[in-house]
Undergrad: 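First, the structure itself, so that you have it in front of you.
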2 protein chains.
Amino acid sequence: MSEAKSVESRPYHHGDLRRALVDAARRLLESEGPSALSLRAVAREAGVSPAAPYHHFKDKAELLDAVAHEGWEMLHQAMDTAKSAAEGAHKLSALGIAYVCFARENPALYRVMYDAARDKEALPIEMHDGKDDSAYCMVRDTMVELGSDPAQAVDLELATIAAWCAGHGLAEMAGFKQFDQLKAELGGEKPFLEAVFNHLGLFPSLNRD
Amino acid sequence: MSEAKSVESRPYHHGDLRRALVDAARRLLESEGPSALSLRAVAREAGVSPAAPYHHFKDKAELLDAVAHEGWEMLHQAMDTAKSAAEGAHKLSALGIAYVCFARENPALYRVMYDAARDKEALPIEMHDGKDDSAYCMVRDTMVELGSDPAQAVDLELATIAAWCAGHGLAEMAGFKQFDQLKAELGGEKPFLEAVFNHLGLFPSLNRD
DNA sequence: CAAGACATCTGTACGGCGCTTAGATATGAA
DNA sequence: TTCATATCTAAGCGCCGTACAGATGTCTTG
């Protein structure tokens, strides 16, 4: 009874269904794509009845929110890693590249993430220790580290917005067939992405060196 | 029999149902939003049975394609008008503003347009007289008019892509709540959009004056 | 003008969907 | 042990996209 079956907190009589449902959703998302992600299919994949998820999520959107949330965490981590690996003025473009690469490597997940954002009309803001720890905030912080004046709050915010919008746009369109030839000429997708970012003049420090 | 009932080409016995369906879809899109746009609802709005649309469209996606197509035409026209109204170096940012404003004023339509593009993994290319007459092409042409070297084909294309991606990203995110305060500080949405575009350094001619 | 070919539309049906409700079952606290 | 409560199942509602058979109107051809 009191013995822990697997890791921690197995609150009730079926295991941790909430966790299992999110995992099942991510599995389906990868294997079948976003259009196959029905609540019933997720329940099926998790081996429970179609009504079971409603004890853990108010509705389908709330389940997708949970999936999206994990996506944002993954994106944040990917950007964090890329920033650490880059040097000085390259940190900012490294963030952009990491952002777009994440979206391109996880297209279905990225779509769920932004569908949720569009519905809520807001990017997710993740607070840790009372501080905004979102990926968006990370871009702004990096701009300051690279020389943007934090006292010029409006300019700083506008530059961050411009950068984020460009990243999102590129993330959604990098796979479009129109660009196939250009990608081939430039030697693949990653060089293509870097080249596009180099044509964005929003990073003064980028243009300088 | 040979008398024209309304304008031209009334091919058959119910009128021009294809036209009526697209109109009904656009009406529903405006009044109820994209989530209410079911094939059955469109048929209902047009006053026909749920199966009738299948004689004019292969499936729901094809109907939405037709709606999206009209959206792209409207966007193209809005951009064309804006370009004509602007002077010299301002033509490019005028295009960007017009693009984002169109998306913001027709959010549901814009969503249908890009959902279709994402599914096809391609922007629509509209040919007239054998020439690419798409809105995307219009941006590239404008860059050339403003001094970009058409011989540097790769650079020109990259700059166009960067500009388009930034426009799309901003179009999707301009309504996010995170930006409400900033928009208020800047005196509304349009000044906000202009400010973001000014922070995109992709337009050398923009930065110059 | 008659007759058949054809395009167009309706009626009906199928399976899947999101979600609700009622009832079964297991868990944890008194 | 009892009982409230959390969790899950079974069944069902109305909606969806789509298919198909048949009715109805239009056009062509003789």
Side-chain angles (χ1 to χ4, degrees), chain A residues 1-6 8-25 28-29 31-68 108 111-112 115-116 119, chain B residues 1-6 8-25 28-29 31-68 108 111-112 115-116 119:
Chain A
M1 307 323 183
S2 56
E3 55 169 4
K5 191 169 129 229
S6 50
E8 53 169 358
S9 78
R10 82 266 72 113
Y12 36 84
H13 99 270
H14 175 268
D16 190 344
L17 183 54
R18 185 190 159 93
R19 184 66 269 157
L21 287 168
V22 175
D23 288 344
L28 274 176
L29 205 51
S31 61
E32 313 284 338
S35 64
L37 204 86
S38 69
L39 234 180
R40 296 175 100 108
V42 172
R44 233 177 284 132
E45 171 80 18
V48 294
S49 81
Y54 287 91
H55 293 269
H56 303 271
F57 302 97
K58 169 172 134 285
D59 54 18
K60 183 186 180 183
E62 205 170 277
L63 202 187
L64 295 190
D65 277 352
V67 174
R111 190 143 169 182
V112 168
D115 281 350
D119 282 348
Chain B
M1 304 326 179
S2 56
E3 54 167 8
K5 191 168 130 230
S6 48
E8 52 169 357
S9 77
R10 81 271 72 112
Y12 36 86
H13 99 271
H14 176 269
D16 190 344
L17 183 55
R18 185 189 160 94
R19 184 65 271 158
L21 287 168
V22 175
D23 287 344
L28 274 177
L29 204 51
S31 60
E32 313 283 339
S35 64
L37 202 77
S38 69
L39 232 182
R40 297 177 97 106
V42 172
R44 231 177 286 131
E45 171 80 16
V48 294
S49 80
Y54 285 91
H55 293 270
H56 303 271
F57 302 99
K58 169 172 135 286
D59 54 17
K60 184 186 179 184
E62 204 170 277
L63 203 187
L64 294 190
D65 277 352
V67 173
R111 192 143 166 182
V112 168
D115 282 350
D119 283 347

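By convention in this document, chain letters (A, B, ...) are assigned in the order of the sequence lines, proteins followed by strands, and residues within each chain are numbered from 1.
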Undergrad: Please state how far atom CG in B:D16 lies from atom C1' in D:dG25, giving the value in whole angstrom units.
TA: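 Those two atoms, CG and C1', are 16 Å apart.
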Undergrad: Can you tell me how far apart CG (B:L17) and CZ (B:F57) are? Round to the nearest 0.5 Å.
TA: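 Here the rounded value is 8.0 Å.
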Undergrad: With a 4.0 Å cut-off on heavy atoms, is A:S38 in touch with a base, just the backbone sugar-phosphate, or nothing at all?
TA: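 A:S38: backbone/sugar contact only, no base atoms under 4.0 Å.
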Undergrad: For B:P50 and for A:A61, locate the closest nucleotide of DNA chain C by heavy-atom distance; then report the residue assigned to the nucleotide nearer the 5' terminus.
TA: B:P50
Undergrad: Taking atom CG of A:L39 and atom NZ of A:K60, what is their separation to the nearest 0.5 Å?
TA: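 One gets 6.5 Å once the value is rounded to the nearest 0.5 Å.
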Undergrad: To the side chain of B:A52, which of D:dT9, D:dT18, C:dT10 is closest?
TA: C:dT10
Undergrad: Measure CD/A:E45 against P/C:dG16 and give the value in whole Å, please.
TA: 17 Å
Undergrad: Measure the distance from CZ on A:F57 to P on C:dG18 and round it to the nearest whole Å.
TA: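 Rounding to the nearest Å, CZ of A:F57 and P of C:dG18 are 14 Å apart.
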Undergrad: Nearest 0.5 angstrom please: A:E62 CD to A:Y54 OH, how far?
TA: 11.0 Å
Undergrad: Once you round it to whole Å, what is the distance between P of D:dA19 and CG of B:D59?
TA: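 Distance, rounded to whole Å: 8 Å.
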Undergrad: Taking side-chain contact (heavy atoms from CB on, under 4.5 Å) as the criterion, tell me which of B:V42, B:D23, B:V22 meets it with B:V67.
TA: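 Among B:V42, B:D23, B:V22, the one meeting side-chain contact (heavy atoms from CB on, under 4.5 Å) with B:V67 is B:V22.
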Undergrad: Report the residue (B:A36 or A:V48) whose heavy-atom-nearest nucleotide on DNA chain D is the more 5′ of the two.
TA: A:V48
Undergrad: Check the distance between C:dC19's P and A:E62's CD and give it to me in whole angstrom.
TA: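 Rounded to the whole Å, the gap is 11 Å.
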Undergrad: Is the phosphate of C:dC17, meaning OP1 or OP2, less than 4.0 Å from a side-chain N or O of B:R40?
TA: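 No, B:R40 has no side-chain N/O under 4.0 Å of OP1/OP2 on C:dC17.
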Undergrad: Name the closest nucleotide to the B:Y54 side chain, picking from D:dC8, D:dG17, C:dC17.
TA: D:dG17
Undergrad: Does the side chain of B:L37 come within less than 4.5 Å of B:L63's, by heavy atoms?
TA: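 B:L63 vs B:L37: side chains apart.
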Undergrad: Expressed as a whole number of angstroms, how long is the span from A:H55:NE2 to D:dT9:C1'?
TA: 9 Å
Undergrad: Round to the nearest Å and state the distance from A:E32 atom CD to C:dG16 atom C1'.
TA: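 Atom-to-atom, A:E32 to C:dG16, this comes out as 15 Å.
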Undergrad: Tell me: CG of B:L39 to C1' of C:dC17, nearest whole Å?
TA: 16 Å
Undergrad: Between B:R44 and D:dC16, is there a contact of a side-chain N or O with OP1 or OP2 at under 4.0 Å?
TA: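 It does, given that an N or O in the side chain of B:R44 lies less than 4.0 Å from OP1 or OP2 of D:dC16.
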